Amino acid sequence: MLHSLKAGWRLLHAASHALSGWWTIRFAFPNLSPDERSARVQAWSQRMLQIMGVTLRVQGEPPAHGPALLICNHLSWLDITAIHAARHVRFVSKSDVKQWPVIGTLSTGAGTLYIERERRRDAMRVVHHMTEALRGGDLIGVFPEGTTSDGRGLLPFHANLLQAAISSGAPVIPAALRFADAATGETSQAPRYIDDDSLLASVWNTLRAPPLLAIVRFGEAQPSYSRERRSWAHSLHEDVQQLRRDSH
């Protein structure tokens with residue numbers, strides 16, 4: 001009962017914080033510089049993690065600036081907030097997120113690039129926009145698995161979006177994300193969001209869980225010069241696996 005009451009309070013607090021973020025994007029962002037917007041997104045994400053009972057632990061060095069393409073494993077609806085709390089990057093996300101109430105505004109305000117995954121040709125359009133953004137000095141983030149996994153292993157990496165790094169000459173930075181019980185350090189399944197899991201159930205499980213850690217481990221930047229994207233995707237898969245193991 002106590003866990004449920006505490007979770008209910010956290011949920012109300014998180015909803016209020018989401019609405020404050022919506023207000024900031026709608027009314028304050030038009031008057032802010034890109035760097036100021038980035039700082040606001042990072043600060044908002046750090047506060048949201050605190051409200052959710054999640055402590056951020058950053059390992060390695062987050063990228064100080066772009067251009068760079070960040071790739072990371074994908075576990076949960078909470079992933080982007082955790083990574084933004086460590087370093088704001090412009091993520092590539094499925095197009096239907098744009099239509100979600102409040103969340104769509106938050107996502108768009110954070111600079112998200114949208115992709116229609118059911119249309120194979122849309123990947124070419126997104127790669128073009130990613131390439132332009134990287135050439136402009138942006139930090140772009142992608143989940144090359146294409147969907148969430150249970151965290152026990154990695155799904156194969158899709159290579160298509162790596163073309164943006166190769167075409168723009170931007171480096172790729174591998175990263176790994178893990179959610180853990182703060183008391184024991186053991187991997188937690190509370191925030192997982194896979195298969196038949198509902199978003200509401202996943203949020204509620206996270207809110208009811210004991211205090212959690214969001215561990216974001218950054219690897220070293222890898223140059224894109226003379227890379228072949230499929231073989232690079234395979235080696236990056238191994239790199240992210242190793243970063244996951246090292247985060248324990």
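Bear in mind the structure is a predicted one, so any value in this text is a computation, not a measurement.
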To the nearest 0.5 Å, tell me how far Arg217 CZ sits from His248 NE2. 11.0 Å
Exam field: side chain Thr112 to backbone Ser93, donor-acceptor pair closer than 3.5 Å: no
Hey, are the side chains of Gln46 and Leu49 touching, using non-hydrogen atoms and a 4.5 Å cut-off? no
So, does Glu36 use its side chain to make a donor-acceptor pair with the main chain of Ser33 at under 3.5 Å? yes
Give me each pair satisfying ring pair (Phe, Tyr, Trp, His ring centres under 6.0 Å) with a member in residues 219-245, each pair once, sequence neighbours excluded. Phe157-His237
Using ring-ring contact (aromatic ring centres under 6.0 Å, His included) as the criterion, list what pairs up with His158, not counting sequence neighbours. none
For Thr81, all residues meeting side chain to side chain donor-acceptor pair (under 3.5 Å), sequence neighbours excluded: none
Non-hydrogen side-chain atoms of Phe143 and Leu155 separated by less than 4.5 Å: no
Is the shortest heavy-atom distance from the side chain of Phe91 to the side chain of Ile140 under 4.5 Å? no
Qualifying ring pair (Phe, Tyr, Trp, His ring centres under 6.0 Å) pairs, either residue in residues 22-70, two or more places apart: His17-Trp44, Trp23-Phe27
If hydrophobic residues (ILVMFWY) are linked whenever their side-chain heavy atoms come closer than 4.5 Å, directly or via other members, who joins Leu213 in its cluster? Ile215
Report yes if the side chains of Thr148 and Leu75 come closer than 4.5 Å at any heavy-atom pair, otherwise no. no
Does a side-chain heavy-atom distance below 4.5 Å link Ile173 with Ile71? no
Those residues that, when tested against His88, pass ring-ring contact (aromatic ring centres under 6.0 Å, His included) (two or more places apart): His84
Hits for side-chain contact (heavy atoms from CB on, under 4.5 Å) against Ala176, two or more places apart or cross-chain, chain-then-number order -> Asn73, Val240, Leu243, Arg244
Can any side-chain N or O of Ser149 pair as donor or acceptor with the backbone N or O of Leu154 at less than 3.5 Å? no
pair Ser247-Gln59: side-chain heavy atoms closer than 4.5 Å: yes
Counting heavy atoms not belonging to Arg40, are there more than 12 under 6.0 Å from its CZ? no
Residue list, salt bridge (charged side-chain N to carboxylate O under 4.0 Å, His left out) with Arg245, at least two apart or on another chain: none
Are Ser168 and Arg135 close enough that a side-chain donor and a side-chain acceptor fall under 3.5 Å? no
Residues clustered with Trp9, ILVMFWY side-chain links under 4.5 angstrom: none
With distance as the sole criterion, is a donor-acceptor pair present between the side chains of Asp239 and Gln222 under 3.5 Å? yes
Could you tell me which residues satisfy side chain to side chain donor-acceptor pair (under 3.5 Å) with Glu228, sequence neighbours excluded, listed by chain and number? Ser231
Do Arg230 and Leu162 come within less than 4.5 Å of each other through their side chains, counting heavy atoms only? no
Selection residues 47-57 - residue pairs positive for side chain to side chain donor-acceptor pair (under 3.5 Å), sequence neighbours left out: Arg47-Gln50
Verdict with reasoning, Arg26 to Thr105, per side chain to side chain donor-acceptor pair (under 3.5 Å): CA-CA 8 Å; Arg26 289 294 301 271; Thr105 300; 5.4 Å; no
Under 3.5 Å, is there a donor-acceptor pair between the Ser198 and Tyr193 side chains? no
Would you list the pairs meeting ring pair (Phe, Tyr, Trp, His ring centres under 6.0 Å) in which at least one residue belongs to residues 167-191, sequence neighbours left out? none
Around atom CD of Glu61, are there more than 12 heavy atoms from other residues, nucleotides or ligands closer than 6.0 Å? no
